[in-house]
Structures are given as C-alpha cells and as structure tokens.
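Shown next, in structure tokens, is the structure this report addresses.
Counting begins at 1 with the first residue of the sequence.
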Amino acid sequence: MSDTTSATRPSRRAATLAGVAAIGLWGSLALLSTSVSGLPPLQVLASTFAIAALLGVARAARRGRGLGALRALRQPLSAWLLGVGGLFGYHALYFYALSAAPPAQVSLIAYLWPLLIVLFSAALPGGRLRRRHVAGALLGLAGVWTVLTAGGDAAGGDVGLRAAHASGYLAALGCALVWSTYSVVQRRFADVPADAVAGSCAATAALGLAGHLALERTVVPTAGEALGLLALGLGPVGVAFFAWDHATKHGDLPQLGVLSYGAPVLSTLLLCLAGRADASPRLLAACALVAAGGLVATAGAGDRPAT
C-alpha cells in the first residue's frame, strides 16, 4: 500500500481522542440535565436532538458542503436503521428505565455498555481482545460500581435489585445492549460521512416530538431551562455524537470502551463541584479505579491506522 493511501486514512489516535472528547461531554450530561428536570423527558429529547441536527447542518455549511451535504443523507436503509435506532432507541429506553426503577440501579446497569463494547469489538474483522482491555474494563466497572453504590443511599434506597422494578432493569439492560451494539457496528459503516449524523438526529427529534405530543403535556421552558436545552443540544447531544461517530468508525474501540467509564465518574465530580452531590472517600476510590483501568487498557497502545 502506498504512503499516499496510508496518509489519507484517519489517524486511529486522533479518532480515539475524538471519542475521549465525546466521553468528556457526556460527563456533563447529568449536571446540565438538572437545569431541565422540570420539562417532560420526550420534550427534552425532541428539543435537544433538533438543536443537534441544526448543529450538523451548520457544520456542513461551515465546511463548504452547502446543499451538497444532502447527499450524505442518501445512505442504505441499514445505515439509517443503525443511526436512528441507536440514538432514539437508547434514549427512549433510558427515559423509561428512569421512570420504572431507581436511578442508581438504572445507571449501574446502563453503564454496562463500555464493557460490552470491549467484548463485542473482538467480533469485528481483525478484532483482537487483549488481556489489558479486559483488565482495564473490569477495573473501570469496579469504579462505576463504587460511585453508584455510594449514590444509592442518597437516592433513597440501597442498591439491591427488586422484582417490582424488573421492567426498569430490563430497559436499562436494553440501553447497554443498544448503545454498545450501535458503537461497535458503526465500524462497518466507516464510509458513511459524519454529515449523515445530522439526519439521524433530525429523525430522532421527530420521533421524540411524536412521542411527546402523544404522551406528554408541553411545558414552556423558562429562560434558564431554554439555556439548559441549548447547552445539552450543542454539547452532550450535539458535538458529542459527531465526535463519537468519528471515533467508533476509526478509533480504538476496546480502548474507547474502557475510557468510557470516565463519564459517570466525571459526572459525579461535576455534581460535587456544583454542590449537587457530596464528595466521599468512595468517590476518590472510584476515580482511582477508573484511572487505573484507563492506564492498564492503554498501556503499549500505538498509533495504528484504522482498519
């Protein structure tokens, strides 16, 4: 293969760093969501994904794509099903899970998706599951468990699973399966441009709006809530999904799966800094476990071209 062809391939390290940026933005999701907690969840979903879709259009226009970016929407049905199914499916299941089970347990089960990414990525062509990936994922999972069990009492109850909340637990497990599958299968659509994410966001917003109009009562947001929606739509929903799209298509998937455990820990740290949660020795221990997991998983990783 010529050096010119190799040079045109996206850097695996740069793509992985894009995924780290997405993970960092997702760490702000819980804190930003507290500013819109008074709004119906499907209304929030529709609003934030509409902003993300507009962000995608602006991104294409800034790059000089103009109306030509519309060609990015002409993708196979399978690509559309993956994009919309991943974005809408995860969030619909997550909002249902939160309504049917305590948030600590929901978060714990839903955040199995990083571990599943590590495991599922071995099934990709050329995929290889290394011991350091498994060890790092398990350390990260232990860190998330530490954070969420520490928050369980504060949320009103222990972390024990109860039969009355079974549907919520199953929905949370569905979240983990949907998002990990979406993230790994993205690699098979590496030729689909990132501009297509705007279409998936628009379709997700439309589905959210339809669900909102059918099931919820519209609430006019206050100025603070409107700013919260804008921040969510631009950051954890907007930029994060475009960055994650690039990362999952061209980055190191096992490494991304392990590093994803940083999101719930970062989320907890931000809540503590904002006075929305109390810092504790468990939190410090969780941060140490997640940091150790990231170091173990990335030890010896090189900058190889994406396959």
Side-chain angles (χ1 to χ4, degrees), residues 22-23 25-30 32-34 36-37 39-50 52-53 78-120 141 144-145 148 151-152 155 159 161-186 197 200-216 229 232-233 236-238 240-241 244-245 248 256-257 260-261 263-264 267:
I23 292 165
L25 286 169
W26 287 331
S28 68
L29 181 63
L32 290 176
S33 294
T34 61
V36 296
S37 58
L39 300 177
L42 288 176
Q43 181 180 340
V44 172
L45 185 152
S47 302
T48 53
F49 273 95
S78 56
W80 275 100
L81 290 175
L82 178 66
V84 178
L87 298 182
F88 180 79
Y90 174 85
H91 290 85
L93 285 169
Y94 187 70
F95 287 134
Y96 173 76
L98 287 176
S99 70
Q105 288 94 323
V106 168
S107 297
L108 176 63
I109 297 171
Y111 259 98
L112 289 172
W113 65 260
L115 178 59
L116 292 177
I117 285 179
V118 174
L119 299 177
F120 290 172
L141 182 61
V144 173
W145 178 275
L148 295 173
V159 294
L161 304 183
R162 299 180 179 178
H165 302 142
S167 62
Y169 303 147
L170 288 174
L173 180 59
C175 289
L177 290 170
V178 167
W179 194 250
S180 56
T181 301
Y182 166 80
S183 299
V184 172
V185 178
Q186 279 276 80
V197 176
S200 296
C201 288
T204 298
L207 289 172
L209 178 61
H212 165 65
L213 294 177
L215 304 172
E216 299 174 339
L229 289 173
L232 284 167
V237 175
F241 284 130
W244 191 249
D245 178 82
T248 53
L256 284 170
S260 295
Y261 281 118
S267 175

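- Residue L45 holds its CG atom at 12.5 Å from CG of L39, rounded to the nearest 0.5 Å.
- Aromatic ring pairs are classed by plane angle as parallel below 30°, tilted from 30° to 60° and perpendicular above 60°; the pair Y94 and Y90 is parallel.
- Summarising the geometry, atom CG belonging to L209 is positioned 10.5 Å from atom CD belonging to E216; distances are rounded to the nearest 0.5 Å.
- Put simply, CG on L116 and OG1 on T181 are 7.5 Å apart, with the number rounded to the nearest 0.5 Å.
- Distance OG/S37 to CG/L32: 12.0 Å, rounded to 0.5 Å.
- Residues T48 and V237 share a closest heavy-atom pair of O-CG1, 3.8 Å.
- In this structure, the ring of F241 has its center less than 6.0 angstrom from the ring center of F49.
- G168 and A97 get closest at one heavy-atom pair: O-CB, 3.5 Å.
- Between Y169 and A101, the shortest heavy-atom contact is CE2-CB, 3.9 Å.
- Within the model, atoms OG1 of T204 and CG of L87 stand 4.5 Å from one another, a figure rounded to the nearest 0.5 Å.
- A100 approaches S167 most closely through the heavy-atom pair CB-OG, 3.8 Å.
- Across all their heavy atoms, A53 and A202 have their closest contact at CB-N, 3.7 Å.
- W244 meets the side chain to side chain donor-acceptor pair (under 3.5 Å) test with S183; sequence neighbours excluded.
- Within the 4.5 Å cutoff, the side chain of S260 has no heavy atoms near those of the W26 side chain.
- What you find for V178 and G89 is that their closest heavy atoms are CG1-C, 4.3 Å.
- Once rounded to the nearest 0.5 Å, the distance linking CD1 of I23 with OG of S267 reads 13.5 Å.
- The ring-ring contact (aromatic ring centres under 6.0 Å, His included) test applied to Y182 returns W179, not counting sequence neighbours.
- Taking the side chain to side chain contact (heavy atoms under 4.5 Å, CB included) definition, one finds that S47 meets it with Q43, L229, sequence neighbours left out.
- Using a 4.5 Å heavy-atom cutoff, the side chains of Y261 and L115 are in contact.
- A 4.5 Å side-chain heavy-atom check between L93 and L173 finds every atom pair outside the cut-off.
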